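Written out below as structure tokens is the structure these notes cover.
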Amino acid sequence: MMQQFEVIVIGGGFGGMYAVHSLRKAGRKVRGIEAGPRLGGVWYWNKYPGARVDLPSVDYSYAFDDAIQQEWDWTEQFAAQPELLRYIDFVDKKLSISSEFDFNTTVTDALWDPGQKNWIITTKTDNKYQAKYCVFATGPISYPKVPRIDGLDDFKGQIIYSSRWPDCDPDFTKSAVGVIGTGSTGIQIIQSLGPIAKELYVFQRTPSFSMPMRNVKLTTSYMKEVKKHYSGIRDAAWNSAVGGTRPQTTRSFYSLTPEQRQQLLEASWEQGGLAMLGAFRDVLTNKSVNDAVADFVRSKIDEVVDNPEVAEALKPRGYPIFARRPCLDTGYYETYNLPNVHLIDCLKDPIRTISDTAVVNDSGRETQLDYLILATGFDALTGAMTHININGSDGRNLKDVWNDGAYSFLGTMVSGFPNLFMTAGPNGPSVLANLIHTNEVDVDWIVGAIQTAERKGMQCVTVKKACEDEWMSRVHDLTLGSLIPQAKTWWTNSNIPGKKEGLTMFIGGFLEYRKALERAAGQDYKNSLLME
Ligand code: NAP
């Protein structure tokens with residue numbers, strides 16, 4: 001059966017929700033499609049113990065509707081996953097978004113029909129949708145990475161992917177639990193399960209730099225003040241580098257005396273959150289500054305962790321601090337002082353195989369486990385789209401087009417793929433900025449483009465190749481002066497074997513990105529798009 005719409009939106013996370021709401025409000029006949037059973041996107045799938053946002057909740061929330069922000073009260077500075085789902089349900093109740101979605105529906109194909117000038121979208125159960133426009137709000141960190149570990153399928157205990165966490169937490173209190181992965185996800189799981197699992201074994205390959213989150217409860221009177229000042233808070237976010245109110249400094253490290261630097265580092269550590277990232281403007285461009293900040297964090301690990309050998313193994317080395325996604329924790333390093341928590345350093349002793357009952361390291365060490373948790377990350381930025389068969393004009397397949405690295409205009413369009421839009425796509429600020437605000441500005445831009453085309457009676461919207469090339473040069477040139485590409489992480493696509501390595505994110509900041517969107521929308525989008 002073919003269902004017909006003007007616009008199909010794929011993905012029911014923050015981006016997809018806002019896209020469906022905005023397109024409906026603009027008068028378009030729109031349908032959302034979501035693989036999960038409800039709205040929420042990553043916040044539905046990643047319901048592992050300890051999952052919480054690490055941007056302040058007041059920032060990490062929709063700005064587009066004042067009634068929503070005036071009525072909703074955040075209870076913690078960094079909201080936990082259940083509160084984020086409650087927020088999503090609240091927004092849904094106010095705006096009635098879920099009624100416009102088909103849930104439990106996985107898209108397998110999106111094919112452009114050049115004759116009809118529309119998209120044919122096919123699902124796993126062979127349902128078909130036809131729509132003039134297709135918006136991919138599939139998220140930059142949604143497609144799980146399946147690690148290549150010999151014997152994984154032989155394990156007879158329970159394997160749990162952090163990003164496909166079961167609805168009910170297993171009882172870990174009587175079990176031996178292994179965790180592979182020490183990125184943001186692994187850290188949140190480890191600090192949560194350490195105090196409750198009978199035995200917890202952490203298989204750490206690359207250690208992350210982690211800083212104290214210092215989460216606090218938000219009182220009613222605090223939220224009252226916030227609500228009075230929301231317009232200023234949002235203004236600050238729109239005009240910031242990260243889409244949030246985090247202070248950014250213009251001060252360089254060497255403009256301060258050694259004592260002042262140390263004081264500032266200590267103050268940033270005490271303040272918690274990402275304060276340290278904003279402490280010196282040259283932390284990501286000057287290697288010796290970066291080394292000094294990294295040394296400071298390593299010294300904190302020594303202060304916290306009792307066993308010097310464990311402390312040493314937990315210290316990240318060999319890549320710049322903040323070049324790998326910084327993590328925020330609550331007692332992560334302290335967890336390693338618990339007698340039931342065991343760190344296995346897989347840089348020294350790599351995982352060789354997994355047997356039916358144990359993880360086996362190269363040394364022959366066997367760790368018997370009941371549960372094996374895989375917090376092994378994502379085929380990020382592009383994976384959610386390249387695992388759908390997307391064919392544009394001339395039958396060009398998006399996966400092939402991106403084989404040499406994701407190429408796009410502003411992370412919102414790809415040349416050769418007419419009437420196809422993305423929110424928070426590769427080469428936008430993506431995960432380097434507040435994803436909710438990035439989704440909001442992207443959706444506004446996309447809806448503007450669709451409305452302009454409709455007003456003018458146009459059939460096809462494509463990005464001008466020259467504009468895409470110019471944007472990609474800018475994205476690329478900015479990376480040259482940065483230390484970020486020096487770390488092998490999902491930010492640089494290095495975590496997926498065979499994926500073209502390189503930083504496909506715009507590191508020029510959220511404000512510059514917004515200005516680029518504004519310019520591109522100038523003169524009825526004539527500045528950047530071809531409408532025919
Ligand atoms: P990640 O940062 O990519 O970490 C994956 C971990 O798994 C790494 O430690 C990696 O080690 C390890 N790993 C992967 N394959 C392995 C293998 N075959 N053998 C041994 N170890 C292996 O993924 P993530 O922790 O899920 O985080 C992804 C992103 O999601 C974050 O960076 C963040 O943007 C977002 N996130 C945000 C929050 C939040 O807001 N609080 C929470 C969770 C996640 P190697 O580095 O050595 O490969």
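All ligand and atom numbering here is 1-based and tracks the order in the structure. Only a predicted model underlies this, so the values are computations on that prediction, with no experimental measurement involved.
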Hey, which atoms in ligand 1 end up nearer than 4.0 Å to a heavy atom of Gly377? 3 (O), 5 (C), 23 (O), 26 (O)
Can you report which non-hydrogen protein atom sits closest to atom 30 (O) of ligand 1, along with the distance? Ile141 CD1, 3.5 Å
Any N or O of Gln188 closer than 3.5 Å to N or O of ligand 1: yes
The protein heavy atom nearest to atom 47 (O) of ligand 1 is Thr206 OG1, 2.5 Å
the protein heavy atom lying closest to atom 40 (O) of ligand 1 turns out to be Asp54 OD1, 3.0 Å
Would you say atom 10 (C) of ligand 1 makes contact with the protein, given that contact here means a non-hydrogen protein atom less than 4.0 Å away? no
Here's one to test your reading of the geometry: is the NZ or CZ of Arg324 within 45 degrees of the ring axis of Trp491 and under 6.0 Å from its centre? no
Pair Lys300 + Glu266: basic N to acidic O under 4.0 Å: yes
Return the closest protein heavy atom for atom 4 (O) of ligand 1 as residue, atom name and distance. Gly183 CA, 3.7 Å
Any salt bridge linking Asp54 with Arg325? Criterion: basic side-chain nitrogen under 4.0 Å from a carboxylate oxygen. yes
Does a side-chain N-to-carboxylate-O contact under 4.0 Å join Arg298 and Asp302? no
How far is atom 34 (O) of ligand 1 from its nearest protein heavy atom, and which residue and atom is that? Arg325 NE, 3.1 Å
Compute the shortest N/O to N/O distance between Asn495 and ligand 1 and return yes if it is under 3.5 Å, no if not. no
Candidate with minimal heavy-atom separation from atom 42 (C) of ligand 1, of Tyr319, Tyr48, Trp43: Tyr48
Closer than 4.0 angstrom, basic N to acidic O: yes or no for Lys94 and Glu71? yes
Arg38 and Asp89 ion-paired at < 4.0 Å: yes
Could you check whether any heavy atom of Val431 sits closer than 4.0 Å to an atom of ligand 1, since that is the contact criterion I want to use? no
Under 30°, 30 to 60°, or over 60°: which ring-plane class applies to Trp74 and Tyr87, parallel, tilted or perpendicular? tilted
Distance under 6.0 Å and angle within 45° of the ring axis: does Lys47 meet both against Tyr44? yes
Which residue and non-hydrogen atom of the protein lie closest to atom 38 (C) of ligand 1, and at what distance in Å? Ser184 CB, 4.1 Å
Region of Ile149 that comes within reach of ligand 1 [heavy atoms, distance under 4.0 Å]: side chain
How far is atom 12 (C) of ligand 1 from its nearest protein heavy atom, and which residue and atom is that? Gly181 CA, 3.7 Å
Between Glu440 and Arg234, is the closest basic N to carboxylate O distance under 4.0 Å? no
Below 4.5 Å, heavy atoms only, C-beta onward: do Asn46 and Tyr48 meet side chain to side chain? yes
Heavy atom of Ile180 under 4.0 Å from ligand 1? yes
Do the charged groups of Lys348 and Glu312 touch, with an N to O distance under 4.0 Å? no
Test of understanding: given a 4.0 Å heavy-atom threshold, classify the contact between Leu328 and ligand 1 as side chain, backbone, both, or neither. neither
Are Asp379 and Lys499 within salt-bridge range, i.e. N to O under 4.0 Å? yes
Identity and separation of the nearest protein heavy atom to atom 3 (O) of ligand 1: Trp490 CD1, 3.3 Å
Are any of the N/O atoms on Arg148, whether in the backbone or the side chain, positioned under 3.5 angstrom from an N/O atom of ligand 1? no
Once you restrict to heavy atoms under 4.0 Å, what part of Phe378 touches ligand 1? Side chain, backbone, both or neither. side chain
Number the atoms of ligand 1 from 1 as they appear, then name those within less than 4.0 Å of a heavy atom of Arg52, with their elements. 39 (C), 40 (O), 41 (N)
Element-labelled atoms of ligand 1 that are located less than 4.0 Å from some non-hydrogen atom of Pro147: 18 (N)
Pick whichever of Thr185, Val146, Val53, Leu435 has a heavy atom sitting closest to atom 27 (O) of ligand 1. Thr185
Could a heavy atom of Lys145 be found less than 4.0 Å from some atom of ligand 1? yes
Checking the N or O distance criterion of under 3.5 Å, is ligand 1 in contact with Lys488? no
For Ile446 and Met422, which heavy atoms make the closest approach, and how far apart are they? CD1-O, 3.4 Å
Option set Gln81, Arg205, Arg324, criterion heavy-atom distance to atom 46 (O) of ligand 1, minimum: Arg324
Is the closest heavy-atom distance from Ala375 to ligand 1 below 4.0 Å? yes
